[in-house]
Amino acid sequence: MTHPELTQDTTREPTDVKMQVHWPVVDLCREPGGARDRQLLFGETIRLLETSDDWAYVQATKDDYRGYLNQAALRDEKPATHWVSAASTHLYTAPDFKSRERLRLSHGSRLTVTRRDGKFSQTLDGFVPRMHIAAAGFVEKDPVHVAERFLGTPYLWGGNSIWGIDCSGLVQAALTACNIACPGDSAQQIELGQTAPQGAFERNDLLFWRGHVALIIDAETLIHANAASMSTCYEGIETAIARIADQGDGAPLAHKRVAGDWRR
């Protein structure tokens with residue numbers, strides 16, 4: 001996803017006030033009550049720029065993206081000790097999988113763990129299965145492996161969660177989990193890495209079209225969140241190139257190679 005018509009307002013300086021999202025997911029909008037540009041997940045932090053009525057104008061700390069969100073989704077910042085590494089998980093009322101769930105959380109959500117309790121970890125908001133989370137300092141080794149957790153996720157313009165994600169949201173989730181700084185829009189992501197040799201597709205390369213980005217699986221296959229299938233799915237590289245050209249969006253604009261541990 002890209003917003004060629006969107007210019008981020010950088011005239012307002014962030015305050016020293018940092019807050020945290022405590023809804024499972026919240027829309028980051030272009031204007032109060034307006035179109036969704038991106039989403040923020042449970043536990044992600046923002047810097048506050050200004051407030052007005054029920055809305056807050058904020059800057060996301062993970063990528064500096066700015067937008068408006070519902071103030072009710074924010075609370076005081078709590079230091080995150082862990083993050084959701086599974087595709088999704090639940091917060092339970094007790095350390096028992098038969099207990100009632102409080103919240104469902106997406107991959108990438110941030111948590112403050114206070115203690116371990118058997119196969120669960122207690123957080124400020126409930127109990128989470130320990131096998132679904134990783135310590136804050138844990139770094140994934142393979143972006144493709146992360147992206148594959150979103151297979152079948154519905155396509156959602158501006159989406160960043162397991163309930164709905166778009167092409168640039170998928171790439172951001174995959175690279176961020178591997179400790180690679182990644183902006184939220186494909187128009188910015190195209191600046192990542194180095195230009196790869198023409199036609200020499202390698203795992204975790206990025207392939208860009210106008211307003212779209214995909215992650216390369218191997219020499220013949222890619223994974224992307226796309227509006228053609230309205231899902232995150234595999235597709236043959238040559239099939240995707242031909243289909244996107246046929247629908248009027250032209251040939252690929254760039255093929256980029258991002259450095260990472262998987263290339264060593």
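When a residue number appears, it is its place in the shown sequence, counting from 1.
Side-chain polar atoms of Thr81 and Thr112 form no donor-acceptor pair below 3.5 angstrom. Between the side chains of Gln71 and Asp54, no donor N or O sits under 3.5 Å from an acceptor N or O. When only modelled atom types and interatomic distance are considered, Asp76 and Gln20 share no side-chain donor-acceptor pair under 3.5 Å. Side chain to side chain, Gln59 and Asp64 meet the donor-acceptor criterion of an N or O pair below 3.5 Å. For the residue pair Arg257 / Gln194, no side-chain donor-acceptor distance below 3.5 Å is found, with atom types taken as modelled. Side chains of Tyr65 and Asp185: a donor-acceptor N/O pair is present below 3.5 angstrom, by distance only. At a cut-off of 3.5 Å, with distance as the only test, no side-chain donor of His255 or Gln198 sits close to an acceptor on the other residue. Side chains of Thr61 and Arg47: a donor-acceptor N/O pair is absent below 3.5 angstrom, by distance only.
Between Tyr234 and Ile217 the shortest side-chain heavy-atom distance falls below 4.5 Å. When side chains are defined from C-beta on, Gln39 counts as touching Ser161, because their heavy atoms get closer than 4.5 Å. You'll find the side chain of Phe208 stays beyond 4.5 Å of the side chain of Pro252, heavy atoms only. The closest side-chain heavy-atom distance from Tyr57 to Leu48 is not below 4.5 Å.
Side-chain atoms of Thr93 come within 3.5 Å of backbone atoms of Arg100 as a donor-acceptor pair (strictly under, hydrogens ignored). No donor-acceptor pair closer than 3.5 Å links the side chain of Asp96 to the backbone N or O of Ala94. Panel note: side chain Asp166, backbone Trp157; no donor-acceptor pair is recorded below 3.5 Å. Judged purely by atom type and a 3.5 angstrom limit, Asn204 uses its side chain to pair as donor or acceptor with the backbone of Val144. Ser109 places a side-chain N or O within donor-acceptor distance of the main-chain N or O of Ser106, the cut-off being under 3.5 Å. In this structure, Gln122 contributes its side chain and Asp117 its backbone to no donor-acceptor pair below 3.5 Å.
With values rounded to the nearest 0.5 angstrom, Arg110 atom CZ is found 14.5 Å from Thr123 atom OG1. Summarising the geometry, atom CG belonging to Leu253 is positioned 11.5 Å from atom NE2 belonging to His212; distances are rounded to the nearest 0.5 Å. If you take CG on Leu40 and CG on Leu74, they are separated by 8.5 Å, rounding to the nearest 0.5 Å. The CG atom of Leu28 lies 9.5 Å from the CD1 atom of Ile46; values are rounded to the nearest 0.5 Å. Annotation: the span from Gln172 atom CD to Gln188 atom CD amounts to 9.0 Å, rounded to 0.5 Å. To the nearest 0.5 Å, the span separating OG on Ser229 from CD on Glu235 amounts to 7.5 Å.
Just one residue in the list Lys18, Arg38, Lys62 forms a salt bridge (Lys or Arg N to Asp or Glu O under 4.0 Å) with Glu44, and that residue is Lys62. Of the candidates Asp205, Val213, Ile216, Leu222 forms a side chain to side chain contact (heavy atoms under 4.5 Å, CB included) with just one, namely Ile216. Partner of Pro143 under the side chain to side chain contact (heavy atoms under 4.5 Å, CB included) criterion, chosen from Leu175, Leu170, Thr176: Leu175.
Closest approach of Ser186 to Ser168, counting heavy atoms only: N-CB, 3.7 Å.
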**Study point:** Criterion side-chain hydrogen bond (donor to acceptor under 3.5 Å, both in side chains) on Thr232 and Thr153, from CA distance to verdict
**Key:** CA-CA 5 Å; Thr232 298; Thr153 296; 4.9 Å; no

Check your understanding: Given Cys178 and Lys141, is the side chain to side chain contact (heavy atoms under 4.5 Å, CB included) satisfied, shown in steps?
Key -> CA-CA 6 Å; Cys178 296; Lys141 301 300 183 184; over 6 Å; no

Practice item. Take Arg104 and Trp163 through the side chain to side chain contact (heavy atoms under 4.5 Å, CB included) test and state the conclusion after the steps. Key: CA-CA 10 Å; Arg104 184 186 177 197; Trp163 304 291; 2.8 Å; yes

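Leu206 and Ile241 fall into different hydrophobic clusters, defined by Ile, Leu, Val, Met, Phe, Trp and Tyr side-chain heavy atoms under 4.5 Å apart, directly or through other members. Grouping the Ile, Leu, Val, Met, Phe, Trp and Tyr side chains by contacts below 4.5 angstrom, directly or via other members, places Val25 apart from Leu105. Under the 4.5 Å side-chain heavy-atom criterion for Ile, Leu, Val, Met, Phe, Trp and Tyr, Met19 and Leu69 are members of the same hydrophobic cluster. Ile237 and Val171 fall into different hydrophobic clusters, defined by Ile, Leu, Val, Met, Phe, Trp and Tyr side-chain heavy atoms under 4.5 Å apart, directly or through other members. Residues Val26 and Val58 are members of one and the same hydrophobic cluster, defined by side-chain heavy-atom contacts under 4.5 angstrom among Ile, Leu, Val, Met, Phe, Trp and Tyr.
Remark: Asp37 engages Arg30 in a salt bridge, criterion side-chain N to carboxylate O under 4.0 Å. Electrostatic pairing of Lys256 and Glu191 does not count as a salt bridge here, judged by no charged N lying under 4.0 Å from a carboxylate O.
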For residues 124-134, tabulate all N or O donor-acceptor pairs below 3.5 Å that involve a side-chain atom, not counting sequence neighbours.
{"residue": "Asp125", "atom": "OD1", "partner": "Arg75", "partner atom": "NH1", "Å": "2.8"}
{"residue": "Asp125", "atom": "OD2", "partner": "Arg75", "partner atom": "NH2", "Å": "2.9"}
{"residue": "Arg130", "atom": "NH1", "partner": "Gly118", "partner atom": "O", "Å": "2.8"}
{"residue": "His132", "atom": "ND1", "partner": "Thr89", "partner atom": "OG1", "Å": "2.7"}

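Listed by first and then second residue, the ring pair (Phe, Tyr, Trp, His ring centres under 6.0 Å) pairs that reach into residues 103-122 are Trp83-His107, Tyr92-Phe120, His107-Phe150, sequence neighbours excluded.
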